[in-house]
Amino acid sequence: MRAISPQCSSVSAFRWLSSQAAVRVDNHRQCLTGFTNHTSHLHTEKTEPLISLIKSTSSKPHLLQIHAHLIRNSLFQDPIYFSPFLFGIALPPFHDLGYASQVFSKFRKPDVFQYNIMIRAYGMSDSPGNGFMLYQEMLRSGVSPNSLTSSFVTNCCIKIGSLFGGLQIHARILRDGHQSDGRLLTTLMDFYSSNEKYTEACKVFDEMSHRDTIAWNVLISVYMRNRRTRDALGLFDMMQSSYDCQSDDVTCLMLLQACANLNALAFGERVHRYCEEHGFDKAMNICNALITMYSRCGCLEKAFEVFKGMTEKDVVSWTAMISGLASNGYGRDAIEAFREMQRVGVSPDDQTFTGVLSACSHSGLLDEGRMFFNSMSKEFGISPNIHHYGCVVDLMGRAGMVDEAYNLINSMKVKPDATIWRTLLGACRIHHQAELGEQVIERLIELKAQEAGDYVLLLNIYSSLGDWGKVVNVRKMMKDRGIQTNPACSTIEFRGKIHEFVANDFSHPRKTEIYETLDEINQQLRIAGYVAETVAELHNVGTEEKQIALSYHSEKLAIAFAVLSTPPGTSIRVAKDLRICVDCHNFAKILSAVYSREVVIRDRNRFHHFREGRCSCNDYW
DNA sequence: ATAGGGTTAG
């Protein structure tokens, strides 16, 4: 317990120590009396002055001089002094592991406390492997680890990504009977989660006798990493009904992320209310997460309301708002927000520029985009990363400059990833560039990253050119290479629950009604001039069920479900994990007029807002 | 005589 105010005591006592260092002090007791005289008014009589001094020192040179003092007075091997000294030098703020490991190796018989300090410090350093090695050395020298040792060394294993090491530790925890320590088990959950052993992580949670808030939070993060986003939302209710924990701000942060991913506006609003009730809505990080959630749910007014209400906005808040405006199709407003941000004196970072550049690409602002791309490194000293290049490639690709985009990718200092090639492939699809499309597919294959969707794009290019021979070839290629077509999935939120649909889905409990509704919608839309595009955009690769496959795309099923289950005039919000196709785009556009409903579809790239037969994005792409 | 652990916004 630090019963003293560290600044003044350490300085005055230290001055004394330094002055005494010059004089040869060979009597320890004499030394201590001096300390007591100088610091006694600052702490209780029982506290050792030298220990207090070590603990409260806020300057590294002072600590090193204390080290010299310990050696001079043969106190170095005394754990009373050595432990706090090691603690001070090894852990932050000083965190000098080179120095710490040297003094540690000179200490004759370290006990579990001192090992713990070192292992913990290694876990926080950039050489966490040493922590694990020290743990093994500790076992060899016969020192028994305690619960904390396991916790610290598990962190080391998480950092170095050692599955085997962690498993060993888990076994040892069971052997030593430390499995009742909830905090330790929480660390262990994180370990399994970071090694993608989600089942194991959940098992640890299940076996916990008492689960506090943080244990639940870690479980939510496990679900999120495992992409079980929907189940993560379900945990909120389970947490509420559990009496020994309460959802805190961290819970809300993660849930808001989950809502953003799922387009779960109603649930997001519920979390927002919870934040208000508990006073979390004043915190900057919560507000920033709210801005993102509302923008990703296509609700810009709400996002802006939160943004406006913030007393203080940092670069994250501005970037969230700029990206939200960008992805919802308000490119010019995003740029305006960017200028405003600089006016009020917040400096942009790399992610801000990702937002600004994506604003340009989503709104087709070619010149502005190039201008920002150049000024980014010249004026702001931010070198472009893969995301920035991706936006520019998208921008040029949409403008038809596919070859220039290809050259830009090849000239990058960073290694091109699958996403950027895929962006270019999308552009090839718009501009019917079959040859370049083939080259891009090859690049994706080199990266071992080719997906069914990529081949489908290539397929689209050939079929739009009427090159049926090549279409057959691609199909064969996919078959030979064992490319699985993962069906696209659309989700819609209804009464606080997320409903999932894939094409030709028959799993929904109300499937009969949904298909009937869809048939009726199709009839109504046909009267209004809707013609299904059956050739160019065939996502399903099967040969026989072309028309059927197309008329029951996942987004159409989701829309039909919404028409069926919500009163007339209600907005329809659909999230889709892949791109929306031309046919479904037309479908939604005409439906928005015929049924007088606002339709918001978020696909993997952007939002499509449909109102009164028009789309917020100029056209399909 | 005995310090100390887990989740988290763009």
Side-chain angles (χ1 to χ4, degrees), chain A residues 1-2 46-48 51-52 54-56 78-88 90-92 111-121 123-124 146-156 158 178 181-191 193-194 204-205 208 211-225 245 247-257 260 275 280 283-293 295-296 303 306-307 310 313-324 326-327 341 346 348-356 358 387:
Chain A
M1 186 69 201
R2 289 181 189 201
K46 283 192 176 172
T47 319
E48 267 260 34
I51 295 172
S52 305
I54 294 170
K55 286 187 193 170
S56 59
D78 189 339
I80 295 181
Y81 305 108
F82 178 69
S83 294
F85 165 68
L86 185 67
F87 189 89
L91 291 164
D111 63 9
V112 60
F113 294 105
Q114 290 131 17
Y115 273 112
N116 283 358
I117 293 167
M118 287 304 289
I119 296 169
R120 180 176 173 221
M124 295 188 282
N146 60 22
S147 204
L148 283 156
T149 322
S150 308
S151 191
F152 297 140
V153 72
T154 304
N155 275 328
C156 294
I158 293 173
H178 294 152
D181 185 334
R183 288 181 170 198
L184 175 54
L185 294 189
T186 312
T187 313
L188 211 53
M189 282 174 71
D190 198 36
F191 158 74
S193 169
S194 71
V204 173
F205 181 83
M208 286 169 79
R211 295 146 190 149
D212 64 2
T213 300
I214 299 185
W216 280 97
N217 286 350
V218 174
L219 186 66
I220 294 175
S221 91
V222 167
Y223 277 22
M224 302 270 289
R225 285 189 212 173
C245 79
S247 302
D248 63 2
D249 51 340
V250 177
T251 319
C252 293
L253 284 174
M254 291 189 290
L255 290 176
L256 288 172
Q257 265 194 326
C275 288
F280 303 151
M284 182 120 73
N285 52 0
I286 291 281
C287 289
N288 295 344
L290 281 168
I291 294 170
T292 304
M293 184 276 290
S295 345
R296 302 252 299 140
V306 175
F307 180 75
M310 291 174 77
K313 304 178 184 78
D314 68 353
V315 61
V316 180
S317 329
W318 283 98
T319 305
M321 201 61 240
I322 290 169
S323 310
S327 62
M341 163 185 177
V346 179
D349 65 9
D350 53 338
Q351 293 200 59
T352 316
F353 275 101
T354 308
V356 172
S358 84
H387 303 291

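Order of the sequence lines sets the chain letters (A, B, ...), proteins ahead of strands, with each chain counted from 1. Only heavy atoms go into these numbers, but all of them, side chains included; no hydrogens, no water, no symmetry mates. Not measured: the values here are computed from a predicted model.
- Proximity of A/N146 to A/N116: side-chain heavy atoms (C-beta onward) are separated by under 4.5 Å at one or more points.
- A/Y115 has its OH atom 18 Å from the C1' atom of B/dG4, to the nearest Å.
- For A/T213, there are no side chain to side chain donor-acceptor pair (under 3.5 Å) partners at least two apart in sequence or on another chain.
- Atom CD in A/Q351 sits roughly 11 Å away from atom C1' in B/dA9 (whole-Å rounding).
- Residue-level contact check: A/L290 touches neither bases nor backbone, having no heavy atom under 4.0 Å from any strand.
- Considering only heavy atoms from C-beta on, A/R296 stays 4.5 Å or farther from A/S327 through its side chain.
- Listed nucleotides B/dG10, B/dA1, B/dT7 differ in distance to A/V315; the shortest reach to its side chain belongs to B/dG10.
- For A/L184, whose side chain is taken as the heavy atoms from C-beta onward, the closest listed nucleotide among B/dG5, B/dT8, B/dT2 is B/dG5.
- Closest to the A/R225 side chain, of the nucleotides B/dT8, B/dT2, B/dA9, is B/dT8.
- One can place NE2 of A/H178 at 19 Å from P of B/dG4, the figure rounded to the nearest angstrom.
- The base of B/dG6 lies outside donor-acceptor range of the side chain of A/T187, with no N or O pair under 3.5 Å.
- At the heavy-atom level, A/M284 lies under 4.0 Å from base atoms of the strands shown.
- Using a 4.0 Å heavy-atom distance criterion, A/I286 is classed as making no nucleic acid contact.
- A/I117 comes within 4.0 angstrom of a nucleotide base, judged by non-hydrogen atoms across all strands.
- Taking 4.5 Å as the limit, every side-chain heavy atom of A/R183 sits out of range of all side-chain heavy atoms of A/S151.
- If you take CD1 of A/I214 and C1' of B/dT8, they are 10 Å apart, rounded to a whole angstrom.
- A/M208 is listed as a side-chain neighbour of A/M189, based on a closest heavy-atom distance under 4.5 Å.
- In this structure, A/S147 reaches the bases: a heavy-atom distance under 4.0 Å links it to at least one base atom across the strands shown.
- Residue A/T352 is in base contact, counting any heavy-atom pair closer than 4.0 Å across all strands shown.
- In terms of polar N and O atoms assigned as donor or acceptor, the side chain of A/N285 never comes within less than 3.5 Å of the base of B/dA9 in a complementary pairing.
- By the salt bridge (charged side-chain N to carboxylate O under 4.0 Å, His left out) test, A/D181 is found to be paired with no residue, residues two or more places apart in sequence or in another chain being considered.
- Among the protein residues, A/D249 comes within range of no part of the nucleic acid, since none of its heavy atoms lies under 4.0 Å from any strand.
- Atom CH2 of A/W318 and atom C1' of B/dA9 are 17 Å apart (whole Å).
- With rounding to whole Å, A/L91 atom CG is found 14 Å from B/dA3 atom P.
- For A/Q257, a side-chain nitrogen or oxygen approaches OP1 or OP2 of B/dG10 to under 4.0 Å.
- One donor-acceptor pair, N or O on each side, does fall under 3.5 Å between the base of B/dG5 and the side chain of A/D181.
- Here the nucleotide nearest the side chain of A/S83, chosen from B/dA9, B/dG10, B/dA3, is B/dA3.
- Among B/dT8, B/dG4, B/dG10, the nucleotide with an atom closest to any side-chain atom of A/R120 is B/dG4.
- Judged by atom type and distance alone, A/N155 does not reach the base of B/dG5 through any side-chain donor-acceptor pair under 3.5 Å.
- Contact of A/D212 with B/dG6 (side chain to base): a donor-acceptor pair of N or O atoms is detected under 3.5 Å.
- Protein atom CE of A/M124 is 12 Å distant from nucleotide atom P of B/dG4, rounded to whole Å.
- None of A/T319, A/N288, A/N285 except one satisfies the side chain to side chain contact (heavy atoms under 4.5 Å, CB included) rule with A/D314; the exception is A/N288.
- Taking atom CE of residue A/M224 and atom C1' of nucleotide B/dT7, one finds them 12 Å apart after rounding to whole Å.
- Between B/dA9, B/dG5, B/dA1, one nucleotide has an atom nearer to the side chain of A/S151 than all others, and that is B/dG5.
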